[in-house]
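Inspection log for the structure reproduced underneath, given as structure tokens.
Note that the coordinates shown come from a computational prediction; the quantities given were computed from them, not determined experimentally.
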Amino acid sequence: MRRSLISMLTGLLVALSAAPALPGAPALADPEPTPEPVTVRSASDRPASDQPLIAAEPLIEARPEVLHASENDEFYHKEVIAGLNNTFYVPYQRTYKGLPVVGGDFVVVTNASGGVLSTSIAQTEKLNVSTVPKLTRLRASRIARAQLPKVTSSTVPSLVVLARGTGVLAYQVLVTGQGSRNGFTGAPVLTPRKLRVLIDARTGEVLETSDEIRTETPAGPEPRTRPVPPPVPAPRPSPAPAAVPAPAPARSGPTTTPTPISGTLPTPVPFFFGVGTSFYNGPVTVSSKRLNTTYALTDAVRAGVSCGGQNGSAFVGADDSWGDGSGTNLETACVDALYAIGKQWDMLGAWLGRNGYNGSGGGYPARVGLNEVNAYWAGNYANFGRSEDGRRQATSLDIVAHEFGHAVFQNTPGGSFGSNEKAMLNESAGDILAVLTKFYAKQPPPYDVPSYAIGGKADLLGTGPVRYLYKPSLISGHPDCFSPSVLDLESHAGAGVQNHWFYLLAEGSNPTSGQPASPTCNGSRVTGIGIQKAGQIFMASLLRKTDTWTHQLARRATLQAALELFPDSCVEFNAVRDAWDAVNVPAAPGEPAQCVSGNDFDLSVDPAAVGVDPGQRATATVTTRTTAGKPQAVAFAISGLPEAATAAFTPQKITTGESSALSILVPVGTPSGSYSAQILADGVNLDRTVTLTLTVDSGSNVVFIDDFSTDLGWTVNPNGTDTATTGRWERGVPQPTFAGRTPLQLAPFVGKSDLVTGRLAGDRVGANDVDGGVTTIRSREIALPPGTLTMTFAWYFAHLANSSAKDYFRVRVVSPTANTVVLQQFGDPTVRPGEWRTATVNLSEFAGQPIRIVVEAADDSPDSLVEAGFDDLRITRS
């Protein structure tokens, strides 16, 4: 999101949000340097199963105190993010009485074995606020639009709850337009603005504004600049038949091997490099795209990446040779921009395990020729201006990487909107990712050699770099150390605190690598861990980012990241803590107090399902087992029991390797049904949960009931063998869909939720139906008693006439000794409307055994339109 790069003596360029790198894509110029020997896992690698969600969802169901969850809170998860070294990040959004909660978002971090390593939560209190506004939407719109002198559009005000204290009801409005600032000539100029405005829905007070495009007012003495005519691209010859040229030779440099990445990576597509003559980077190769008889500066490998002028279109030429090496030629500026984007993209993949700028293999275009001493990230592209004297474009390696660094910040959990303190951390993220790119590119003199200064080569103001990470105070007004006064600074100046922390973490206070010494604020001596490890810890902290983001929350996140990325060492954790102490950022509530790494355990409950009559007790045994490192202390809690039911663990606290007896008293009058009780084991190093299914029988001989109103432990893709690409099974509230008048996806059979293949309707018929193969969902283990047992359930299987007998709906009962299909319906080339049906199955042959119910739906090749549902599962004994 945001940020403008422009700074006088006190600040630098704009921010931008970066995209995930595409590991394996060829670099645009030199071969990559040899990275430090650290094992990385690509963010493009997805877990073999839904293990991160399987770990995170029960924790959310357990509603631990750290969530500060009220009875009116609901949670929904976004896409799971795979990080380095088998860490996974599950971002969640919160609603309160159905309204989005700004600042109520959080991230659950898990490992590959299903343990919850940590949570990143900024909210500090339970919400308790009226959701009835006193302010009208019209009034809120007028207040929001008044924040800009020139408005081109604004959204309809929407009610949200701001997570401040017990909550503030607010209107949220996105306002697009232009705002005024003093230009370098001293005259006011209008620049693009995209504001999120939060307005108190009772009083009309503007609670917060944050800008996706952040433009700064120059600081320092009176501007010395004068208008400079904008450069224009050199004329191109008329298109002529041309063969694809051979790649231009890259500058000489060491031939090295990048860090290997485990997992399956995207396969680079064959293409030819174009010839680029840059201003900042010498002769380089350019990944361009061949059209019919012309070439375009559109990256053929990195999706979404291109470069052109202010109209947003990529430059086009008759040949695949670009730029003339001058500082005023815009093709040359694009060559430099694409070189920097390619280096940063590859660094993100090889060093940080991120797939492109957006995390899923996508990038953004660059524009050059902005007639300002400026550069900025606009939320979906980066724009680059010129130096004050008009002799150079603002497309040096570090400036480009800074702007696209904002793309990374924007495309990690929590986004870019927020407070001024968050804006500082966003600017710092741009600087840190720019420095990482310079060290990855490892350019020799006279190019942009690895350093911790920003903007030196571009020399935009004729005064050299605009920021220094090793000593921010070399720029007047940029503090080296944190204090409350930092929070009122302009965001580029305030970036210095986290920049200084990163330098100390990477290089230390007295480096032996040839980098300059860095004074600490507390007089301590800090030993660095190397820039690659420091970058990995910083990237992992961004994957924990929330809407509310502060220096203290960043400190806590990096400490947690150090423990989780390097579980067999305390060196990294101690260095992170020492570096934050050295810049005077105080400890955050709930941060790890000490390094206790490498310890893990598993958790089980026996039996996993118990039945009880009202007024009686149910018992089970909860067992822990140390699986790695040393035993750790664990405390138990339980949630999800029937109303007024009580539970006791004996003992309530144990050391892993021990067991605890669980006793649940179900009061008289408790309604019949099955309840999903989440048992939480709160450990020192990580948390684990396990589900106990409690079935209450009020005389109807109910063994098990699931109307899918709550999560009773169903697992999607339990064996990791599903092939369906869309329409996977999920529990939730389905949106009915139709093909013409033919119903395909239905409302639930009972209640509000069911099991359904892709519950959302999407933007077209069949948008979320089953495609690509099989999707499977499996119940938890259900302990059957002796006797005559009957299972009933509701189901439907709908398809259009493009279906075939390869498509099917199937229900199986799996026991330790059998795998029995109890219902099966195949597709055929006719229209089959969705219609709820009921099935009855005799389960007596499974009496006395544990079973699991498995439900499958398949749409085999070629894809047809297939939908399925499952609801109202009951098992009774007669």
For the pair F502 and I531, evaluate side-chain contact (heavy atoms from CB on, under 4.5 Å) and give the outcome as yes or no after the intermediate values.
-> CA-CA 9 Å; F502 183 81; I531 190 170; 4.1 Å; yes
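- For the pair V301/W345, no side-chain contact is recorded, criterion being any heavy-atom separation below 4.5 Å from C-beta on.
- In this structure, the side chains of T277 and D324 stay at 4.5 Å or more apart for every pair of heavy atoms.
- At distances below 3.5 Å, not a single donor-acceptor pair connects side-chain atoms of S306 with backbone N or O atoms of P365.
- Of all non-hydrogen atoms in G323 and V335, the two that sit nearest each other are N-CG2, 4.5 Å.
- Residues A314 and T298 share a closest heavy-atom pair of CB-OG1, 3.6 Å.
- The two residues T527 and A575 come nearest to each other via the heavy atoms O-CB, 3.9 Å.
- When atom types are taken as modelled, the side chain of Q344 and the backbone of A401 share a donor-acceptor pair closer than 3.5 angstrom.
- Going from atom OG1 of T328 over to atom CZ of R391 covers 11.0 Å, rounded to the nearest 0.5 Å.
- With hydrogens and angles left out, the side-chain atoms of E421 and H551 include a donor and acceptor closer than 3.5 Å.
- Partner of Y452 under the side-chain contact (heavy atoms from CB on, under 4.5 Å) criterion, chosen from I432, D431, V435: V435.
- Atom CG in N85 sits 7.0 Å away from atom CD in Q536 (nearest 0.5 Å).
- Using a distance-only test at 3.5 Å, with no hydrogens or angles considered, a donor-acceptor pair links the side chain of S287 to the main chain of A300.
- One N or O on the side chain of D336 and one on the backbone of Y280 form a donor-acceptor pair closer than 3.5 Å.
- A heavy-atom distance below 4.5 Å is not found between the side chains of W377 and S416.
- Checked by atom type and distance alone, the side chain of K533 never pairs as donor or acceptor with a backbone atom of G528 at under 3.5 Å.
- Taking CH2 from W549 and CZ from F409, the interatomic distance works out to 8.0 Å, rounded to the nearest 0.5 Å.
- Atom CG of residue L297 and atom OG of residue S313 lie 12.0 Å apart, to the nearest 0.5 angstrom.
- Side-chain atoms of N584 never come within 3.5 Å of backbone atoms of C481 as a donor-acceptor pair (strictly under, hydrogens ignored).
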Could you walk me through whether N426 and S491 pass side-chain contact (heavy atoms from CB on, under 4.5 Å), step by step?
-> CA-CA 8 Å; N426 190 344; S491 60; over 6 Å; no
Could you go through the side-chain contact (heavy atoms from CB on, under 4.5 Å) check for V466 and L460 one step at a time?
-> CA-CA 8 Å; V466 290; L460 295 182; 5.6 Å; no
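- Looking only at distances, a side-chain donor or acceptor of H500 sits under 3.5 Å from a matching main-chain atom of D480.
- In this view, R367 and Q310, Y381, N383 satisfy the side-chain contact (heavy atoms from CB on, under 4.5 Å) rule, not counting sequence neighbours.
- When all heavy atoms are compared, the tightest approach of T332 to S278 is CG2-C, 3.7 Å.
- Looking only at side-chain heavy atoms (C-beta outward), V486 and M424 come within less than 4.5 Å of each other.
- Remark: S288 OG to L338 CG distance equals 9.0 Å, nearest 0.5 Å.
- For the residue pair Q515 / Y503, no side-chain donor-acceptor distance below 3.5 Å is found, with atom types taken as modelled.
- In this structure, the side chains of M347 and L352 come closer than 4.5 Å at one or more pairs of heavy atoms.
- In summary, the aromatic rings of F279 and Y339 are positioned with their centroids too far apart to meet the 6.0 Å limit.
- P519 pairs by the side-chain contact (heavy atoms from CB on, under 4.5 Å) definition with K471, not counting sequence neighbours.
- In this structure, N420 contributes its side chain and L489 its backbone to a donor-acceptor pair below 3.5 Å.
- Side-chain polar atoms of W580 and T558 form a donor-acceptor pair below 3.5 angstrom.
- Using a distance-only test at 3.5 Å, with no hydrogens or angles considered, no donor-acceptor pair links the side chain of D299 to the main chain of A303.
- With hydrogens and angles left out, the side-chain atoms of E507 and S513 include a donor and acceptor closer than 3.5 Å.
- Residues S541 and A561 share a closest heavy-atom pair of N-CB, 4.5 Å.
- Ring centers of W351 and F439: at least 6.0 Å apart, outside the cut-off.
- In this structure, K457 contributes its side chain and L397 its backbone to no donor-acceptor pair below 3.5 Å.
- In terms of heavy atoms, I537 sits closest to V576 at CD1-CG2, 3.9 Å.
- Using a 4.5 Å heavy-atom threshold, the side chains of V373 and R386 count as touching.
- A salt bridge between R392 and D389 is present, with a side-chain N of the basic residue lying under 4.0 Å from a carboxylate O of the acidic one.
- Of the inter-residue distances, the one linking S396 atom OG with D459 atom CG reads 10.0 Å to the nearest 0.5 angstrom.
- With hydrogens and angles left out, the side-chain atoms of W322 and D320 include a donor and acceptor closer than 3.5 Å.
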Step by step, work out the side-chain contact (heavy atoms from CB on, under 4.5 Å) result for R467 and H492.
-> CA-CA 9 Å; R467 281 205 284 281; H492 296 87; 3.1 Å; yes
